[in-house]
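All remarks here apply to the structure that follows.
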Amino acid sequence: MKECRSTNALMVEKLSAPLPEGTVLITSCQTAGQGQRGSSWEAEPDKNLTFSLLLKPSFLPISDQFYLNMVICLAISDTLTQYTSKKVTIKWPNDIYVEAKKICGILINNFLKGCQFEHVVVGIGLNVNQENFQEPKAVSLKMIEQKEVNLVEVLEILLGNIEKWYLALMQKKYKNIQENYLSKMFRINEKHLYRSDGIFEGTIRGIDPTGKLAVETEVGIRYFCLKEIEYVM
Ligand code: BTN
């Protein structure tokens with residue numbers, strides 16, 4: 001579709017009618033793209049991938065929902081490594097970085113029926129051919145590789161990788177998923193500064209089974225939810 005406010009918002013509106021799992025809504029121009037925590041998502045028209053995918057993971061216990069985040073991150077990271085030899089990492093919980101800059105953001109909206117997933121709208125904004133961003137920490141494939149990339153080709157590869165990792169999730173390959181996610185985590189096993197109740201030095205060691213970030217500090221391992229910790233340079 002040529003233009004819409006937000007592919008996630010549009011998919012959510014369409015959920016009142018039966019839509020098959022795997023439905024993709026894609027636009028070349030979002031006029032009100034949504035980011036995480038109420039932020040907006042910046043993407044120049046015709047230059048990037050901005051789309052939403054409908055999943056229905058009724059097989060997934062709600063307590064394991066972080067595994068869905070992980071498989072989406074892994075699919076994006078695998079796709080990017082096909083285009084660049086620079087280091088691609090996953091900044092917990094679900095930002096994709098190339099070296100020190102963000103190339104892709106993910107916004108997941110969960111809809112439950114009782115205590116099961118009914119719908120999950122996975123929104124992906126991948127910076128492909130845009131060369132100027134207001135956000136200083138944003139980067140695109142073109143900025144990294146100095147060449148224009150075919151949007152349809154990236155989309156096809158990415159959807160193929162999502163299918164592959166989603167099947168691994170269906171098959172409960174939790175160990176494999178978690179190991180892969182950990183091996184790609186931004187700043188894992190490096191000492192850095194974080195902010196929670198004040199600034200402290202810590203080393204990311206991984207995540208707990210619910211997806212909380214495990215950080216080793218001078219008082220031992222501490223576990224943080226998304227809103228409880230901030231990365232400091
Ligand atoms: C983030 O803040 O990192 C998440 C960004 C998610 C952006 C994508 S673009 C397609 C989909 N539709 C939206 O409105 N947002 C997501």
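Along the sequence shown, residues carry numbers from 1. Just so you know, ligand 1 is whichever comes first in the structure, and atom 1 is the first atom listed for that ligand.
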Margin query: Using a 3.5 Å distance criterion without hydrogens, assess whether the side chain of Glu118 forms a donor-acceptor pair with backbone atoms of Lys56.
Written below: no

Checklist line | Arg187 to Tyr97, cation-pi by 6.0 Å centre distance and 45° axis angle | finding: no

Checklist line | Sequence-distant partners of Lys164, salt bridge (Lys or Arg N to Asp or Glu O under 4.0 Å), two or more places apart | finding: Asp78

Note to self: List ligand 1 atoms under 4.0 Å from Ser6, heavy atoms only on the residue side.
What the structure shows: 12 (N), 13 (C), 14 (O)

Next item on the list: Determine yes or no for a side-chain-to-main-chain donor-acceptor pair under 3.5 angstrom, with Thr89 supplying the side chain and Lys184 the backbone.
Entry: no

Margin query: Is a donor from one side chain sitting under 3.5 angstrom from an acceptor on the other, for Asp64 and Tyr174?
Written below: yes

Next item on the list: Using a strict cut-off of 4.0 Å, indicate which atoms of ligand 1 neighbour a heavy atom of Gln34.
Entry: 5 (C), 6 (C), 7 (C), 13 (C), 14 (O), 15 (N), 16 (C)

Check: Hey, is ligand 1 close enough to Thr7 that some N/O pair sits below 3.5 Å?
Finding: yes

Notebook entry, point to check: Short list, please: which atoms of ligand 1 are under 4.0 Å from a heavy atom of Gly33?
Noted result: 14 (O)

Note to self: Suppose I only count heavy atoms of Ile106 and a 4.0 Å limit; which atoms of ligand 1 are within that range?
What the structure shows: 3 (O), 4 (C)

Check: Given the side-chain rings of Tyr181 and Phe66, with only the six-membered ring counted for Trp, is the space between their centroids under 6.0 Å?
Finding: yes

Checklist line | Donor-acceptor contact below 3.5 Å, side chain Ser196 vs main chain Glu228 | finding: yes

Item checked: Sequence-distant partners of Phe51, ring pair (Phe, Tyr, Trp, His ring centres under 6.0 Å), two or more places apart -> none

Margin query: Does any N or O of ligand 1 fall below 3.5 Å from an N or O anywhere on Trp41, backbone included?
Written below: no

Check: When you look for heavy atoms under 4.0 Å from ligand 1, do you find them on the side chain of Gln30, its backbone, both, or neither?
Finding: side chain

Next item on the list: Considering only non-hydrogen protein atoms, determine which one is nearest to atom 3 (O) of ligand 1 and report residue, atom name and distance to 0.1 Å.
Entry: Lys102 NZ, 2.6 Å

Check: Among protein heavy atoms, which lies nearest atom 2 (O) of ligand 1, and at what distance?
Finding: Gln36 N, 2.7 Å

Note to self: Using a 4.0 Å cutoff against the non-hydrogen atoms of Asp95, which atoms of ligand 1 qualify?
What the structure shows: 3 (O)

Notebook entry, point to check: Short list, please: which atoms of ligand 1 are under 4.0 Å from a heavy atom of Gly35?
Noted result: 1 (C), 2 (O), 4 (C), 5 (C)

